[in-house]
Amino acid sequence: MTKWIRAITDIGMTRIRMDAICAYQSIDNDGGDSNSLLIYTSDNTLFEIIENIDELVGVLDSAFEFHN
C-alpha cells in the first residue's frame, strides 16, 4: 500500500504520495522561524506547505532516514 502525507497548501488540503517526493526544503520567509515547506515531486510538481511544517519535516526526515 502506498503511503501518503496530508498537507495544507494555499489551495487547501492536499495529499502527496511519499514515493513521488524527490526533494523537500524548509524556507524562512521573514527571517524568523521556517514558515513554509517546499515539496518537489517526480512529475515536476511543486507544493508549498503552509501549516504543520515542523511535523511534516519530522515525518519526511524519518521516512527518508535523514540523520543530523
Side-chain angles (χ1 to χ4, degrees):
M1 179 175 213
T2 302
K3 293 186 181 185
W4 297 75
I5 59 169
R6 291 186 332 171
I8 302 294
T9 66
D10 58 345
I11 60 171
M13 178 65 71
T14 304
R15 289 173 176 80
I16 304 168
R17 278 192 2 238
M18 291 289 287
D19 61 351
I21 296 173
C22 295
Y24 55 96
Q25 176 184 10
S26 295
I27 59 171
D28 180 5
N29 292 331
D30 300 323
D33 293 332
S34 295
N35 50 8
S36 64
L37 172 68
L38 300 177
I39 296 179
Y40 304 89
T41 61
S42 58
D43 66 352
N44 295 321
T45 302
L46 172 63
F47 295 96
E48 183 176 5
I49 311 304
I50 57 174
E51 291 185 16
N52 299 328
I53 289 137
D54 292 334
E55 178 183 334
L56 284 174
V57 168
V59 169
L60 292 169
D61 284 351
S62 177
F64 292 101
E65 299 179 10
F66 177 77
H67 304 284
N68 296 359

Side-chain heavy atoms of Leu37 within contact of Ile27, under 4.5 Å:
no

Please identify each residue that fulfils side chain to side chain contact (heavy atoms under 4.5 Å, CB included) with Asn44, with sequence neighbours left out.
none

So Thr45 and Ile39, do their side chains get closer than 4.5 Å, heavy atoms only?
no

Spatial distance of atom CZ (Phe47) from atom CD1 (Ile21) [nearest 0.5 Å]:
9.0 Å

Sequence-distant partners of Ala20, side chain to side chain contact (heavy atoms under 4.5 Å, CB included), two or more places apart
Arg17, Thr41, Ser42

Is the CG atom of Leu46 crowded by more than 12 outside heavy atoms at less than 6.0 Å?
yes

Closest approach of Tyr24 to Phe64 (non-hydrogen atoms, all atoms of both residues)
CE2-CD1, 3.8 Å

Could I get the full list of side chain to side chain contact (heavy atoms under 4.5 Å, CB included) partners for Ile8, not counting sequence neighbours?
Met13, Ile50, Glu51

Do Glu48 and Thr9 come within less than 4.5 Å of each other through their side chains, counting heavy atoms only?
no

Side-chain heavy atoms under 4.5 angstrom apart, residues restricted to Ile, Leu, Val, Met, Phe, Trp, Tyr: same cluster for Ile49 and Met18?
yes

Do the side chains of Val59 and Val57 get nearer than 4.5 Å, heavy atoms only?
no

List the residues meeting side chain to side chain contact (heavy atoms under 4.5 Å, CB included) with Asn52, not counting sequence neighbours, and say none if there are none.
Glu55

